[in-house]
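What follows is a single structure, written as structure tokens, with notes after it.
Order of the sequence lines fixes the chain letters, A, B, ..., with proteins taken first and strands second; residue numbering starts at 1 for each chain.
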Amino acid sequence: MRHNTRRHSDIRLQKTRGQRGPSGQIRHVRRGVRRFFAGRRIRRGDDKVKAVNGYRLSHSFPSGAWEREMITHHGFSQGGFALTVRTRFAPSPTGYLHVGGARTALFNWLFAKRHKGKFILRIEDTDAARSTEESIQAILDGMEWLGLTWDEGPFFQSKMFDAYRAHAKKLLDAGLAYRCYCAPEELEARREAALKEGRPPKYDGRCRARTDAPDKPYAVRFKTPGGGATSFADVIKGHISFENSAMEDLVILRSDSTPTYNFCVVVDDATMGITHVVRGDDHINNTPKQILIYRALGYELPVFAHLPMILGSDKTRLSKRHGATSVMAYKEMGYLPHSLVNYLARLGWSHGDQEIFSIEELVEKFSFENVGASSGVFNPEKLLWLNHPDIKEMREEAIAPLLLPFLKEKGIDAGGDARLLAIIKTLKERAKTLRELSDAAEFYFAGKVSYDPKAAEKFLTKEALPLFEGLIAGLSGLSEFTEAKVEEVFNAILNANGLKLGKLAQPVRVALTGGTVSPGIFEMIAAMGKERAVARLHDAAAYMKKG
RNA sequence: GGUCCUAUCGUCUAGAGGCCCAGGACGUGGCCCUCUCAAGGCUAAAACCCGGGUUCGAAUCCCGGUAGGACCGCCA
């Protein structure tokens with residue numbers, strides 16, 4: 001049953017368990033539950049009071065608002081002492097860092113930075129068969145390129161098996177878990193049969209009451225409570241509740257005694273002191289299981305924030321079909337890390353009408369309150385649009401080292417070229433990516449210009465020959481080869497012949513670049529340098545005479 | 001099939017019961033500027049999933065549909 005929770009805005013948080021803060025110390029802050037509930041369609045049960053992440057929601061707050069930040073910053077105040085926010089990114093090393101993972105990492109990072117907390121990197125490599133060294137490196141590279149530096153780690157789950165086993169033993173000893181001797185093949189057969197008959201494919205718990213201990217390999221299963229519900233207040237999605245009866249007794253230790261995901265996550269997040277678990281909303285269904293384990297282990301719950309997924313253009317989960325999904329692929333396409341970060345931040349999060357943010361602004365303004373609950377489509381065109389101002393506003397000195405590898409791919413070694421900065425200056429305003437910039441720069445370095453046939457036919461005509469001769473003479477005579485001086489030479493010729501700039505600029509453009517598209521004619525000539533410009537004009541003049 | 005999540009222009013979003021016959025941005029069309037191409041400026045087309053309810057008043061709150069997505073492993 002759904003409630004109009006907005007009307008019940010007299011809701012407060014009370015501490016019900018844990019040691020983090022005395023009850024009754026909740027400040028009133030203006031931006032409270034109204035928005036939280038308004039946009040989130042929070043559901044609440046019929047009962048007036050619900051336990052939520054160790055707090056209770058109840059209808060008694062006199063000020064009529066609820067401290068939203070209390071959930072967001074859960075664990076903040078402890079008798080006046082600030083506890084630091086600790087977030088983590090926990091990828092499994094089975095491939096490269098993709099944009100979805102990068103966004104999850106970014107939001108974790110942003111939240112930690114925003115609250116001067118710690119951001120932790122943890123590699124979830126319990127599946128030895130699928131985890132690879134290359135993947136680990138690829139993820140690290142991607143994070144580093146994006147500037148998502150971590151304060152602790154990387155930690156590897158594969159090195160912490162003892163801790164998981166110890167925790168499992170604790171549950172076993174407490175009677176909160178049990179040994180399951182069912183063979184995997186047997187379970188698989190039962191699952192298929194259940195699916196076939198339309199029954200939920202849930203483990204029937206047949207080993208739960210077992211008192212014998214056969215000399216067979218066994219898995220350890222967690223005892224899920226048969227009744228009741230497990231609910232939590234997600235900072236992004238609102239109140240979420242699951243019936244315990246729908247959950248099965250999940251395996252926490254495999255028969256080879258390696259731990260499983262849902263168990264490791266809890267043990268790690270709890271022992272690493274993670275205060276805010278920020279991850280994709282594909283984990284929502286895992287959350288109640290994890291909460292149950294937290295409780296069984298006697299650990300305090302973190303705050304959960306489930307980010308909506310990133311979809312492809314056809315609104316299905318983003319995958320290679322939709323184009324590049326690897327973060328490093330964007331580096332290779334000539335994007336700047338800031339653009340990707342800016343784009344990813346804006347995909348799901350917003351701050352009024354603002355589109356462009358510096359990293360500092362992002363850190364300053366980020367809040368889960370402004371993260372939308374619905375999934376978003378990855379739009380490469382908008383990312384491209386964002387990259388443009390980044391390149392435009394970057395100093396030539398900063399662009400140069402990034403551009404060199406792209407030029408090198410074309411066989412151009414511009415490292416020692418004194419003209420490089422001037423060349424970049426002419427190009428950067430009109431390049432959306434570094435790759436585009438390197439493409440556009442190619443003509444500057446070419447040994448000989450090859451003319452686009454159509455352009456040559458239209459512009460490199462006999463009529464233009466006298467103008468070229470005048471230009472060659474004028475440019476050759478310049479002692480100072482600057483943009484302004486070049487322009488003076490042009491103007492003199494234009495005035496003497498009563499022509500508009502277009503009449504001269506286009507033929508010259510073809511002569512110098514081979515095509516009809518280039519930076520402004522004066523800046524381009526100046527950047528090219530006298531020697532090369534004059535030589536190309538000579539070549540063009542010779543071509544005109546022939547043809 | 002079960003569970004959970006979600007729903008405003010093609011896309012990202014603003015929206016906190018009246019400031020909304022819905023604002024911004026990308027993309028698209030037009031015009032201006034102009035030595036080409038971009039950029040820039042102006043401008044146009046373009047959305048509240050449907051049905052009930054609450055209310056003097058609903059994009060907004062409630063209920064029900066519908067649609068999309070995710071998850072249902074001894075994967076993570």
- With both distances kept under 3.5 Å, what pairs with G73(B), Watson-Crick or G-U wobble? none
- Taking a pair as Watson-Crick or G-U wobble with both distances under 3.5 Å, which nucleotide is matched to A25(B)? U11(B)
- Of all heavy-atom pairs between Ala168(A) and Leu253(A), which one has the smallest distance, and what is that distance? CB-CD2, 3.6 Å
Hey, does [X] reach any base, or is it just sugar-phosphate, or nothing, if we go heavy atoms under 4.0 Å?
X         : value
Thr516(A) : base
Pro519(A) : base
Gly348(A) : sugar-phosphate
Phe242(A) : sugar-phosphate

Heavy atoms from C-beta onward define the side chain here; which of [options] lies closest to that of [X]?
X         : options                : answer
Arg346(A) : U11(B), G23(B), C12(B) : C12(B)
Glu429(A) : C35(B), C74(B), A38(B) : A38(B)
Lys382(A) : C5(B), G24(B), G27(B)  : G24(B)
Ile284(A) : C5(B), U36(B), A76(B)  : C5(B)
Gln157(A) : A76(B), C74(B), U13(B) : A76(B)

I'd like a table of atom pairs between the protein and nucleotides 68-73 of chain B - only N or O on both sides, under 3.5 Å - with the distance next to each one.
unit_1	atom_1	unit_2	atom_2	d
A70(B)	O3'	Arg317(A)	NH1	3.3
C71(B)	OP1	Arg317(A)	NH1	2.8
G73(B)	OP2	Arg191(A)	NH1	2.6
G73(B)	O5'	Arg191(A)	NH1	3.4

- Message: The criterion is salt bridge (charged side-chain N to carboxylate O under 4.0 Å, His left out); which residues satisfy it with Glu442(A), sequence neighbours excluded?
- Response: Lys410(A)
- Task: Could you list the residues that satisfy salt bridge (charged side-chain N to carboxylate O under 4.0 Å, His left out) with Glu188(A), not counting sequence neighbours?
- Result: Arg191(A)
- Query: Among pairs that include at least one residue of residues 216-231 of chain A, which meet salt bridge (Lys or Arg N to Asp or Glu O under 4.0 Å), considering only residues two or more places apart or in two chains?
  - Reply: none
- Query: What salt bridge (Lys or Arg N to Asp or Glu O under 4.0 Å) pairs are there with at least one residue in residues 482-511 of chain A, not counting sequence neighbours?
  - Reply: none
- Message: Taking the nucleotide of RNA chain B with the nearest heavy atom to each, does Arg130(A) or Glu355(A) sit closer to the 5' end?
- Response: Glu355(A)
Show the distances under 3.5 angstrom between N or O atoms of the protein and N or O atoms of nucleotides 40-46 of chain B.
none

